[in-house]
Amino acid sequence: MAIITYREALNQALREEMSRDDRVFLMGEEVGVYNGAYKVSKGLLEEFGEMRVVDTPITELGFAGVGVGAAMVGLRPVIEFMTWNFALLAIDQVVNAAAKMLYMSGGQYPMPMVFRGPNGAALQLSAQHSQAFESWLAHIPGLKVVTPGTPYDAKGLLKAAIRDDNPVVMLEGEMLYNTKGEVPEEDYIVPIGKADLKREGGDCSIITNGKMVLVAMNAADQLAKEGIHVDVVDLRTVRPMDVDAITASVRKTNRAVVLEEGWEIAGIGAQVVDYVQRECFDDLDAPVVRVHQADVPMPYAKTLEKTAKPDVAKTIAAVKKVLYLN
Amino acid sequence: MAAKKKSDAKGLPGDPQLRKDLLHSMILQRRFEEKVGEAYALGKIGGFCHLYIGQEAVSTGVLSMLRADDYVVTTYRDHGQALARGMTPRAIMAELFGRIDGCSRGKGGSMHLFDRNTNFLGGHGIVGGHVPLAAGVGFAIKYRGGDQVIACFMGESVVNTGAFHEALNMAALWKLPCLFIIENNKYGMGTAVERAAAIKDLSRRADAYDGMHGEYVDGQDVFAVRDAMERALGIARRESKPVLLEIRTYRYMGHSMSDAVSGTYRTKAELDEYLKRDPINLLKARMLEAGDITDADIAAMEQEVKATCQDAWDFADASPEPPLEALYEDVLVDTTS
Ligand SMILES: Cc1ncc(C[n+]2csc(CCOP(=O)(O)OP(=O)(O)O)c2C)c(N)n1
Ligand SMILES: [Mg+2]
């Protein structure tokens with residue numbers, strides 16, 4: 001298997017799916033001539049031309065709606081947001097249009113489209129550019145929401161998302177684009193709605209998604225040195241959530257930490273904890289502990305930012321807490 | 001560019017059959033919505049329900065000029081356009097009654113009429129939100145190299161939204177075959193257009209985009225609407241460029257069923273003034289005067305329309321409510337099989 005970056009994995013997924021199906025096109029700010037704000041679409045304009053790799057004005061509401069309209073009449077748009085912070089301007093189209101169209105038309109108008117782009121914090125981008133929106137989007141029936149944490153999952157999930165006849169939201173990570181991993185040469189998809197047990201250990205389950213998968217894996221490595229072995233359950237998709245994977249792990253370890261990038265209140269972790277208390281109440285040996293961003297807008301100053309973010313140290317502390325080690 | 005007036009011996013545009021069809025389309029909308037008002041009062045229809053009465057020359061004028069393979073998208077005030085597009089009164093009434101035989105299977109209601117068979121891409125409830133969809137349909141037409149157009153109806157309040165400008169800019173930039181049709185009925189709920197828009201002549205919004213054709217049209221005269229559409233289609237279909245029409249009309253009823261007919265924001269005198277230019281009466285008068293139709297013809301047409309509307313009511317009333325299993329259907333396309 002080739003070792004490639006997350007960015008290259010996404011690029012391959014786009015190229016392969018656009019070659020496979022000429023109804024698929026990519027639209028967004030700087031996706032063409034500039035090769036993508038984060039270079040995810042590098043080379044695609046040259047290969048597919050400007051009807052299929054479309055540079056838009058800075059007009060998120062507008063081009064998200066263009067995607068919805070095109071999907072209504074049978075095209076398969078991939079709408080790239082430069083980041084999800086800017087997608088807030090387009091949220092009407094995602095929530096009120098794409099997520100509702102099939103239902104309110106009584107099944108007549110499916111929305112075979114993808115909304116994608118980087119989500120969450122990078123480094124010192126401060127309040128308006130450092131937000132993780134998983135839980136906002138996962139709240140909405142009519143959407144599927146995927147959050148790949150590795151190059152393998154990024155490619156497989158994007159290919160699955162493009163082939164899906166439903167509107168799929170894909171949350172990537174600016175800090176993930178340069179990360180590397182093994183990706184097969186041959187065609188594959190990662191099924192939407194399936195979690196992945198990224199690491200096995202019997203002492204505790206760390207349930208996480210997206211960018212936090214790396215944090216969890218790192219924490220697991222360090223815990224292993226102290227003789228503590230954890231399951232890392234990568235949800236991969238946060239809507240629909242793979243409840244079976246969560247419960248299988250927690251029934252085995254009897255303890256759980258839920259790690260997410262976003263804020264606490266009504267976060268993804270709150271939903272995971274709800275599933276755990278309903279399905280695994282008698283299996284638990286300790287209350288579930290959550291790790292998440294501090295309940296503040298992201299600060300700029302380095303130390304403050306570091307303090308606000310969920311990280312390896314906080315994850316390790318949480319695991320020790322559910323093991324009653326501190 | 002002005003379309004050549006094709007008048008026949010009676011000095012009227014079009015031919016006798018076409019004129020009868022136009023009148024029929026407008027009368028059907030009017031009587032159908034009167035029935036809707038009755039059904040609403042009886043509690044057979046719920047929720048928000050916005051009548052189109054007074055604006056029928058717009059829907060009929062515009063849609064009588066489209067081809068079957070063209071597309072239509074509109075707002076929550078969608079009954080008139082759905083009828084003028086050829087959706088059946090039965091399917092529309094059943095939708096309003098929230099029944100399984102409704103055009104959106106009882107899931108959409110008054111504001112969300114959809115019909116794949118007639119390329120009716122829905123009534124949409126977020127003011128301005130559907131205008132980018134029209135640009136997207138225009139994009140898809142161009143992507144496929146087709147020669148269809150999309151007609152996008154909107155209230156005059158929409159010209160003040162960001163979505164409108166974002167969509168028009170892209171449509172002009174990418175030369176998309178979109179007809180943006182403002183139905184200026186003078187009010188957005190209780191706000192008069194001059195209290196909301198910092199521009200008087202709304203079609204001049206087109207001037208913000210190089211080369212975009214904009215014009216205003218008398219929306220009470222179905223022939224004037226058709227003339228404007230002929231020019232608009234010449235541009236949209238043949239040159240693949242967007243057009244902005246401001247069609248001036250008037251709504252005779254309240255904003256929705258919960259709003260009194262004249263209300264606090266307009267006077268009874270104003271309403272009476274506009275009633276003098278009722279689009280249906282204007283058309284009838286012209287046809288009668290030219291000897292194109294007789295009072296007996298009109299009475300027969302009214303009779304037939306009345307029966308059609310009663311049939312739609314009876315059909316809707318007899319249609320079952322959606323089964324409870326339908327609650328969880330069509331949230332997502334099933335991709336498991
Ligand atoms: C974004 C948004 N804001 C407010 C509303 C509530 N609302 C519904 S219709 C309406 C007035 C719209 O007027 P206009 O566009 O002129 O259309 P008309 O009702 O006259 O056909 C308002 C404010 C809404 N549906 N969407
Ligand atoms: Mg209005």
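Within every chain, numbering begins at 1; the chains are lettered A, B, ... in the order of the sequence lines, protein sequences first and strands thereafter.
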Interchain contact, [X] with chain A, by part (heavy-atom threshold 4.5 Å):
| X | result |
| --- | --- |
| B/Phe164 | neither |
| B/Leu327 | both |
| B/His165 | neither |
| B/Leu113 | neither |

Greater than 12 external heavy atoms within 6.0 Å of [X]'s [atom1]:
| X | atom1 | result |
| --- | --- | --- |
| A/Asp187 | CG | yes |
| A/Trp136 | CH2 | no |
| B/Phe48 | CZ | no |
| B/Arg237 | CZ | yes |

Validation row: B/Asn169, A/Thr59 side chains within 4.5 angstrom (heavy atoms):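 Result no, sub-4.5 Å side-chain heavy-atom pair not found.
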Heavy-atom check, side chain of B/His112 versus side chain of A/Met101, under 4.5 Å: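 B/His112 vs A/Met101: side chains apart.
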Nearest 0.5 Å, please: how far is [atom2] in [Y] from [atom1] in [X]?
| X | Y | atom1 | atom2 | value |
| --- | --- | --- | --- | --- |
| B/Glu166 | A/Ile58 | CD | CD1 | 10.5 Å |
| B/Leu332 | A/Met111 | CG | CE | 12.5 Å |
| A/Asp55 | B/Trp174 | CG | CH2 | 9.0 Å |

Residue pairs, two or more places apart or on separate chains, that pass salt bridge (Lys or Arg N to Asp or Glu O under 4.0 Å) and touch residues 43-54 of chain A: A/Arg15-A/Glu47
Salt bridge (Lys or Arg N to Asp or Glu O under 4.0 Å) contacts touching residues 96-119 of chain B (sequence neighbours left out): B/Arg105-B/Glu329, B/Arg105-B/Asp330
Neighbourhood of chain A inside residues 74-84 of chain B, taking heavy atoms under 4.5 Å as contact: none
Those residues of residues 125-146 of chain B, ordered by number, that approach chain A below 4.5 Å (heavy atom to heavy atom):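 Within residues 125-146 of chain B, the residues under 4.5 Å from chain A are B/Ile126, B/Gly129, B/Pro132, B/Leu133, B/Ala135, B/Gly136, B/Val137, B/Phe139, B/Ala140, B/Lys142, B/Tyr143, B/Arg144.
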Under a 4.5 Å heavy-atom cut-off, does chain B meet the side chain of [X], its backbone, both or neither?
| X | value |
| --- | --- |
| A/Pro141 | both |
| A/Gln108 | both |
| A/Arg23 | backbone |

Winner by heavy-atom pair count (cut-off under 4.5 Å) against chain B, out of [options]:
| options | value |
| --- | --- |
| A/Asp164, A/Thr56, A/Leu102 | A/Leu102 |
| A/Gly74, A/Gly142, A/Ala71 | A/Gly142 |
| A/Asp165, A/Leu75, A/Ile192 | A/Leu75 |

Minimum heavy-atom distance A/Tyr103-B/Ala326, with the two atoms named: OH-O, 4.2 Å
Heavy-atom closest pair, residues A/Phe63 and B/Met170: N-CE, 3.5 Å
